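Computed from a predicted model, the values in this text were never measured in an experiment. Chain letters run A, B, ... following the sequence lines, proteins first and then strands; every chain starts at 1.
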Amino acid sequence: MKPAAAPSPWRDPVVLLAVPALLYLVLLYALPLLWLLAKSFVGADGLTLRPYVDFFADPFNWRVVWNTLGIALWVTLVCLVIGYPAAFALARAGAALQIAMLVAIILPLSVGVVVKSFAWQIVLRRDGVISQFLVGIGLWDEPQRLLFTETGLVLGAANIFLPFMILPIYSVVKLIDPRLLEAGATLGAAPLYRFVKIMLPLTLPGVVSGIAFVFSMSVSMYVIPSLLIGDRFQTLSTLTGRSFLFMRNEQLGSTTAVILLALAIGVVVGSSWLARRLGSSA
Amino acid sequence: MTPIERAARALMWAAALFTVVFLMTPLVVTVAVSFGSSSVFTLPPPDWSLRWYERLANTRGLWPALLTSLQVAAFSTAVAMVLGTLCAIALVRGRFPGREAIATFLISPLMLPGLVVGIAMLQGFKAAGLREAYSSLLVAHVVITLPYIVRTVLAALSLFDFSLIDAARTLGCSYPTAILRVLVPALGPAFLTSGMFAFLASMDNYPISIFFTDAWTKTLPIQMLQYVEENPDPTIAAISTGLVLLAILALVVGDRLVGLRKLADF
């Protein structure tokens, strides 16, 4: 089938099969994104950084950026603290618990974000299950409303993104040979030392990709803050949505959209660079 | 076992238990509320009732939105399936440079903020003269579903032994028959699971769809959110319960086809 001397790999007719999908994405997705990006640097008289200068001149907008990053950091931290040990449990659990955990992790992934955010509106109410539980165990003296607070937003978002922290860490933990730890023990390493010197470096690539997933999704989440905290608390994403959908301020919307895009690309590129570095040194 | 090891072990199992309870809470709460009689989401419900399902049946905006969402999801998944599979074959079989970059590009709509992609597409479509809501939704949702198909089919194809097709041809099959009887069955599970998750992703999408809806054409998540904001009552819990059932169905099918552990591969 193959030509005796292939002059160029592009002559291979199988390349043509990639054309429809690529053409579709380039025309309908990549070009519009590049156009959005380019347009934000073009003013009435040529190239300009004016929209960005104006944006960062306003202290309110700094607050918005700070809100976005702050919430994303908290959500990522909560997911990491719960997800890291949970990923180990998932890898080590017996059959029954493992199935329960897998169902609990995968099932919510196939339920929509609108459904889960709506559920959290109910969970975070003054008479919701969290408030009832905390009063029940005596941690709170009286029921409190968590809905429309930053804490409530972090809890809801962490709940929705937790699977994206557990699964990447689980995928590296399940590959670790348990005999490595035994070897460490035989050689006299204390448990904490074994964890820091053996376990932590081996799981780091999974941790990095989990953090990247959760952080970038938290930065760009839109439905969750709309339902759980409302207009009082603006993030880059909600501000972008509002500028286009309600305020009809396309200028502001494009500026925040490009900042959001830059943040997201930064996280993806940065994390894959870090993962490669960790992978080559491990 | 030293105390530190015991503490670590306890922490691990506590995290496992917490994870199961924490992740299942929103789903359980939704289902419980939908079968309760209380209109203010009292839990546990004072009494069981089907009144929210009755109201759901009589809620006018939601059913056309569900229909729109089902159509858009089915159409975009089908188109993405064809485009994605062809492209995956090219990436696995071809020997041209930049294949990894192309794969990353095809999956990138999953990694970028949906809202930004939606805005860019809105402006791009407008410039191209496409203004009609329904066709814009169909076109835009292919970009949402394509990454799911490419990711899974690419993984399945790279495990497929293409010499099997040559073997089938040696045994007298024509080329199309060989593809149909050897390649397609081998990719069957990948098609079904990726198609299912692509379909669910399209059904669930809010941040891109919001830019392509008008007064007549709304997808289900858009209509649901609007309903929640206008009259927050457990009717939404009733339709959510339906969507949870759909997700359970998808999970059962996925488990039968490829197994739960395989679904958790990342």
Closest contact, heavy atoms only, [X] versus [Y]:
X	Y	answer
A/V103	B/L260	CG2-CD1, 4.0 Å
B/V116	A/L36	CG1-CD2, 3.9 Å
A/G241	B/L115	N-CD2, 3.6 Å

message = With side chain to side chain contact (heavy atoms under 4.5 Å, CB included) as the criterion, how do B/V142 and A/L28 come out once you've worked through the C-alpha distance, each side chain's angles and the decisive distance to 0.1 Å?
response = CA-CA 10 Å; B/V142 175; A/L28 296 163; over 6 Å; no
Please classify the contact of [X] with chain A as side chain, backbone, both or neither, using a heavy-atom distance under 4.5 Å.
X	result
B/V228	side chain
B/R261	both
B/P109	both
B/F211	side chain

Would you mind reporting whether [Y] and [X] have side-chain heavy atoms less than 4.5 Å apart?
X	Y	value
B/R9	A/R92	no
A/L107	B/M24	yes
B/P113	A/V219	no
A/S254	B/Q123	yes
B/M224	A/F118	no
B/I210	A/F244	no

inquiry  = Could you go through A/W120 and B/V29, starting from their C-alpha distance and side-chain angles, then the distance that decides it, and tell me whether this counts as side chain to side chain contact (heavy atoms under 4.5 Å, CB included)?
reply    = CA-CA 9 Å; A/W120 274 91; B/V29 163; over 6 Å; no
Residue [X] versus chain B: region with a heavy atom under 4.5 Å:
X	value
A/A212	neither
A/L263	neither
A/L97	side chain
A/V129	side chain
A/S117	neither
A/R125	side chain
A/V111	both
A/F195	neither

query = Within the distance-only criterion (no hydrogens, no angle test), does the side chain of A/Y24 pair as donor or acceptor with the backbone N or O of B/V143 below 3.5 angstrom?
reply = no
ask   = Would you find a donor on one side and an acceptor on the other, under 3.5 Å apart, between the side chain of A/N159 and the backbone of B/F22?
value = yes
query = In terms of heavy-atom pairs under 4.5 Å with chain A, which of B/T19, B/V21, B/T30 leads?
reply = B/T19
ask   = If you tally heavy-atom pairs under 4.5 Å against chain A, which of B/G124, B/G94, B/S240 wins?
value =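 Of the candidates given, the most pairs with chain A belong to B/S240.
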task = For chain B, find its close neighbours in residues 80-89 of chain A: heavy-atom separation under 4.5 Å, sorted by number, or none.
result =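 Those residues of residues 80-89 of chain A which have a heavy atom under 4.5 Å from chain B are A/I82, A/P85, A/A86, A/F88, A/A89.
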query = Considering heavy atoms only, which positions within residues 221-228 of chain A lie below 4.5 Å of chain B?
reply =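 A/Y222, A/V223, A/L227 fall under the 4.5 Å cut-off.
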query = After noting the C-alpha distance and the side-chain angles of A/L109 and B/F197, does the key distance pass the side chain to side chain contact (heavy atoms under 4.5 Å, CB included) rule?
reply = CA-CA 9 Å; A/L109 280 182; B/F197 284 109; 5.8 Å; no
Any idea which of [options] has the most non-hydrogen atom pairs under 4.5 angstrom with chain B?
options	result
A/V113, A/L16, A/L37	A/V113
A/D127, A/I265, A/L260	A/L260
A/T240, A/L245, A/L90	A/L245

key: Separation of B/I119 CD1 from A/T256 OG1 (nearest 0.5 Å)   =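 Answer for the OG1-CD1 pair, A/T256 versus B/I119, is 6.5 Å.
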ask   = Should we say atom CZ of A/F133 is surrounded by more than 12 heavy atoms from elsewhere, each under 6.0 Å from it?
value =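 Result for CZ/A/F133: open.
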